[in-house]
There are 2 protein chains.
Amino acid sequence: MLTSDNLLSPKDLAVAIGSSESSLKRWIDRGLLSVSRTAGGHRRIAVSEAIRFVRARGMPIVRPEILGLPASVGVKSRLSLNGARSPNETFSALLRAGHDVGARAHLLNRFLAGETIAELADGPIRTSLIEIGEMWHDSVEGILIEHRATEICVELIQELKKLIQPVSAELRSIGGAIDGDVYKLPPLLASAVIQENGIQAVNLGTNTPIAVFEIACLCDDLEQRPDIVWMSVNSLSELAMNRDEIERFAARCASEDIAVVIGGRLASELDIGHISSIEIHRSMQELSTFLERFKAARI
Amino acid sequence: MLTSDNLLSPKDLAVAIGSSESSLKRWIDRGLLSVSRTAGGHRRIAVSEAIRFVRARGMPIVRPEILGLPASVGVKSRLSLNGARSPNETFSALLRAGHDVGARAHLLNRFLAGETIAELADGPIRTSLIEIGEMWHDSVEGILIEHRATEICVELIQELKKLIQPVSAELRSIGGAIDGDVYKLPPLLASAVIQENGIQAVNLGTNTPIAVFEIACLCDDLEQRPDIVWMSVNSLSELAMNRDEIERFAARCASEDIAVVIGGRLASELDIGHISSIEIHRSMQELSTFLERFKAARI
DNA sequence: AAAAATTTCGTTCAAATCGTCCATTTCTCG
DNA sequence: CGAGAAATGGACGATTTGAACGAAATTTTT
C-alpha cells in the first residue's frame with residue numbers, strides 16, 4: 001500500500017514480484033528477507049532490502065513501479081508515487097515518467113475493479129493529458145513527455161479494447177478525426193467506448209476527410225452501412241468550410257437514418273448544435289449515455 | 001495456476017503446448033528454456049520466454065489462452081482461399097477488407113511460426129500498405145481503406161510488441177517520426193524491431209521536432225540517456241532545413257557516443273548518407289542487422 | 001478523538017510443484 | 001530388422017505454495 005517512503009508491506013512486494021502474500025511472509029519468517037516491524041507487529045520491508053532480495057535470487061520484477069524503479073528513457077528518472085494524493089494523480093505521475101508498465105497496471109486494475117472505459121477516458125486519461133498538455137507550451141521537454149504519454153495511452157486503450165466483450169454485429173459504427181485533426185487519442189477512445197457499449201466500431205484514425213466518411217456511410221452494400229458515424233474535432237483548419245461540409249454530410253446521413261455524433265475539444269465551436277440530427281457530446285460518458293438511448297430506440 | 005499475469009508454472013506451459021510436465025521440466029533443466037525460481041525452488045516461466053521457446057522450436061500451441069493469446073491461434077483462416085496466391089496476398093486482402101480479426105490471426109500465426117517482426121514488417125505489412133497506398137491517389141475509397149488498414153496494423157504491431165522479451169535495460173533507444181511526418185506505422189515498427197533485438201525502445205510517435213530528440217539525448221541524467229536514436233522520414237516539409245538540422249543533431253550525438261539511425265521512404269533523399277556517424281537503412285531487416293552489429297560492438 | 005474501513009497478522013489446509021525413479025515409446029544406425 | 005540410445009510421460013513421498021479465516025493493527029473518515 002506504499003505506506004511511507006521506502007517501506008513496503010508484504011503484500012506490496014508480493015504483487016511486485018508476482019507471488020503470493022503468504023509465500024512472502026513465509027520467506028521473511030525463514031530469514032531470507034530481513035524486515036523491520038511496526039509497534040503492532042506488522043512487517044515493513046525497506047525498498048533497498050527488497051531489491052537486494054530479488055536481485056540475489058534473480059527473480060523477475062513484474063511491477064517495477066512499486067519499487068520505484070524507472071522503466072523508460074528520456075527524462076524524469078526517479079519515480080516517486082508517494083506525493084500522489086489521488087489515483088488520477090498517480091496515473092499522471094506514471095505517464096509523466098514514461099512508465100508504461102506502471103501506467104498499464106494502474107489502468108488495468110481500475111478497469112477490472114469496475115470503472116468503465118468511458119469513466120477512465122474522462123478521468124485519469126483526460127486529466128493527465130490536459131495536465132501534460134499544459135507543459136506542452138512551456139518547454140521542449142513538455143513535448144517529449146506529451147508524445148511519450150500519448151503513445152503509452154494508445155497502447156493502453158488498445159489493450160482495454162481487447163478486454164471488453166465481443167460486440168454483436170447488429171449495430172455498426174465508423175468514425176475518426178476530421179481532416180486537419182491529428183489527435184489520435186480521441187477517436188481511439190471513442191471507438192473503445194462504442195465497443196464497450198456492444199456496438200461494432202471501425203476507427204479511421206486521424207486526418208480523415210469528410211468525403212471518406214461519406215463513402216463509408218453511403219456504400220452500395222446495405223449490409224455494410226453503419227448505424228452511427230462519429231467524428232472527433234480537435235483542430236479546425238477552416239471553420240466555415242468544415243461547418244458547411246459537416247452540415248451537408250449530416251443532412252445526407254439523416255435521410256439515410258444514420259446517426260451522426262460529434263465530439264472533441266472544438267466540437268462546440270462548430271456551432272452546429274442546433275441541427276437536430278447531429279449529436280454533440282462533451283465527454284465520453286455523454287457519448288456512452290447517448291449510445292444507451294440509441295440502442296434502446298433501435299430495439 | 002496462473003499466479004500472476006506474466007508467470008507460468010511448468011504445468012501451465014505443458015498444458016498450453018500439449019506436452020507433459022515431466023518433459024517440460026527436463027527441457028528447463030537442460031537449459032532449453034530459462035526460468036526463474038521462487039525462494040522455495042519452484043520454477044516460474046515468463047510468458048515472453050515461453051513464446052520465444054515455442055517459436056524457436058516450432059512447437060504447436062494447443063491452448064493459446066493460457067499464454068494470453070487469442071483462440072484464433074492455430075486455426076486456418078477461411079479467407080486464405082479467396083484467390084490469394086501467397087500469404088502476403090492473403091494478408092493484403094484481409095487488410096483491404098477491413099477484416100481486423102482475420103488479419104490479426106494471420107499475422108499472429110506467422111509470428112508464432114517463427115517469422116520475425118522485421119520480416120513481417122518488410123513482408124506482409126509493407127507490401128500490403130504500398131499496394132493500398134497506390135489506391136490512395138485513385139479514389140476516396142482508397143483513403144478509407146488506407147486509414148482503416150493503418151489502424152488495424154497499429155493494433156497488430158502493438159500486440160506483437162507485447163509478445164517479445166522484456167528488454168534488458170542495458171541498451172536504450174528513443175525515436176519517432178520527424179516534424180511534418182505523420183506516418184505512424186514506420187516509427188512503431190522500428191520500435192518493435194528494436195525491442196525484438198533486446199534493446200529498450202521509446203516511441204515518440206509522429207511529428208516530433210528535432211529539438212525533442214535533442215533534449216531526450218542530452219538530458220542531465222546520464223543513466224537515462226539512450227544509446228541509439230532512430231528517426232523516420234516519410235515526408236519532408238523543407239528538405240534543406242531538415243537536412244541542416246539533422247546534420248547538426250547527428251554531430252552532437254556523435255560527440256556523445258549516441259548512434260543515429262535514419263529510415264523511411266525519404267531517408268535517402270536527405271542526402272546525408274556520406275556522414276559517417278549516421279546510419280541509413282532502407283528496410284526493417286537492415287535495421288535489425290545493424291542492431292546486431294551494434295550490440296556486438298558494445299559488448 | 002471516535003468510528004468506520006482497510007490492511008495485515010498468524011494459522012490452517014488443500015492443491016500444486018519439487019526431485020527422482022522407472023516403464024514405455026520413439027529415434028538412430030549398423 | 002533389431003539392438004542400443006534418447007526422449008517421453010506417469011508415479012512417488014516430501015516440500016512449497018496460495019487462499020482462507022477471525023483477530024488485531026493501521027489508515028482514513030467523520
Side-chain angles (χ1 to χ4, degrees), chain A residues 1-47 49-50 53-54 56-63 66-67 81-90 105-106 109-110 112-115, chain B residues 1-47 49-50 53-54 56-63 66-67:
Chain A
M1 189 226 191
L2 294 180
T3 50
S4 70
D5 35 3
N6 290 343
L7 287 179
L8 304 170
S9 75
K11 178 78 173 286
D12 292 331
L13 184 53
V15 171
I17 65 176
S19 73
S20 74
E21 185 192 340
S22 298
S23 295
L24 198 62
K25 287 193 291 189
R26 209 177 301 112
W27 298 336
I28 291 169
D29 295 347
R30 219 194 289 167
L32 301 167
L33 187 53
S34 62
V35 299
S36 55
R37 296 266 184 170
T38 66
H42 285 199
R43 302 170 181 86
R44 288 292 121 91
I45 309 161
V47 169
E49 171 67 3
F53 175 71
V54 297
R57 310 197 157 254
M59 288 178 151
I61 304 177
V62 183
R63 298 272 305 273
I66 293 179
L67 305 182
L81 299 176
N82 295 334
R85 305 241 158 276
S86 72
N88 287 1
E89 280 177 37
T90 303
H106 179 90
N109 282 338
R110 289 176 68 167
L112 294 175
E115 288 187 70
Chain B
M1 181 185 293
L2 289 181
T3 62
S4 149
D5 293 342
N6 297 2
L7 297 176
L8 306 169
S9 74
K11 178 75 175 264
D12 291 330
L13 184 52
V15 171
I17 65 176
S19 74
S20 74
E21 186 190 337
S22 293
S23 294
L24 200 58
K25 286 196 288 189
R26 210 177 304 112
W27 295 335
I28 291 168
D29 294 346
R30 221 193 293 163
L32 275 57
L33 185 54
S34 63
V35 300
S36 57
R37 296 269 187 165
T38 66
H42 285 200
R43 301 171 182 86
R44 287 292 124 92
I45 309 162
V47 170
E49 172 65 6
F53 176 70
V54 166
R57 313 270 307 182
M59 298 194 123
I61 301 180
V62 185
R63 298 272 306 278
I66 295 179
L67 303 181

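Chain identifiers are assigned alphabetically (A, B, ...) following the order of the sequence lines, protein sequences preceding nucleic acid strands; residue numbering begins at 1 within each chain. Predicted, not measured: the structure shown is a model, and the values here were computed from it.
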Worksheet item: So what is the end-to-end bend of the helix from C:dA1-D:dT30 to C:dG30-D:dC1, with 5 pairs used at each end and the value given to 10 degrees?
Response: 50°
Worksheet, complete the sentence: Residues passing the side-chain contact (heavy atoms from CB on, under 4.5 Å) test with A:Asp29, sequence neighbours excluded, are A:Arg37, A:Arg43
Discussion item. The criterion is side-chain contact (heavy atoms from CB on, under 4.5 Å); which residues satisfy it with B:Pro60, sequence neighbours excluded?
Written reply: none
How many whole angstroms separate atom [atom1] of [X] from atom [atom2] of [N]?
X: A:Leu13; N: D:dG18; atom1: CG; atom2: P; answer: 13 Å
X: A:Lys11; N: C:dG10; atom1: NZ; atom2: C1'; answer: 16 Å
X: B:His42; N: D:dG18; atom1: NE2; atom2: P; answer: 9 Å
X: A:Ile17; N: D:dT17; atom1: CD1; atom2: C1'; answer: 13 Å
X: A:Asp12; N: D:dT26; atom1: CG; atom2: P; answer: 15 Å
X: A:Ile45; N: C:dT8; atom1: CD1; atom2: C1'; answer: 12 Å
X: A:Leu32; N: D:dT15; atom1: CG; atom2: P; answer: 16 Å
X: B:Leu7; N: C:dT17; atom1: CG; atom2: P; answer: 13 Å

Worksheet item: What string of B, S and - do you get for nucleotides 5-12 of chain D, 5' to 3', when a contact is any protein heavy atom under 4.0 Å?
Response: --SBBB--
Worksheet entry | Between CD1 on residue A:Ile28 and CG on residue A:Leu13, distance to nearest 0.5 Å | 7.0 Å
Practice prompt. Report the distance from atom CD1 of A:Ile61 to atom CZ of A:Arg63, rounding to the nearest 0.5 Å.
Written response: 12.5 Å
Response to the item:
Walking DNA chain C from its 5' end, the first of B:Arg37 and A:Asp29 to be reached, judged by nearest nucleotide, is A:Asp29
Discussion item. For B:Gly40 and A:Gly41, find the nucleotide of DNA chain C closest to each by heavy atoms; which residue's nucleotide sits nearer the 5' end?
Written reply: A:Gly41
Worksheet entry | Partner set under side chain to side chain donor-acceptor pair (under 3.5 Å) for A:Glu49, not counting sequence neighbours | A:Ser34, A:Arg52
Item to complete: Indicate the atoms forming the closest heavy-atom contact of B:Ala39 with A:Leu32, along with that distance.
Response: CB-CD1, 3.9 Å
Worksheet item: What's the shortest heavy-atom distance between B:Leu67 and B:Ala50, and which atoms?
Response: CD2-CB, 4.3 Å
Worksheet item: Taking the nucleotide of DNA chain D with the closest heavy atom to each, which residue, A:Thr38 or A:Leu24, is nearer the 5' end?
Response: A:Leu24
Practice prompt. For C:dT7, take OP1 and OP2 only and decide whether either is under 4.0 Å from a side-chain N or O of A:Arg44.
Written response: no
Fill in: ring-ring contact (aromatic ring centres under 6.0 Å, His included) contacts in which one or both residues fall within residues 19-43 of chain B, not counting sequence neighbours
B:Trp27-B:Phe53
Worksheet item: How about B:Arg44 and B:Ser36: do any of their side-chain heavy atoms sit closer than 4.5 Å?
Response: yes
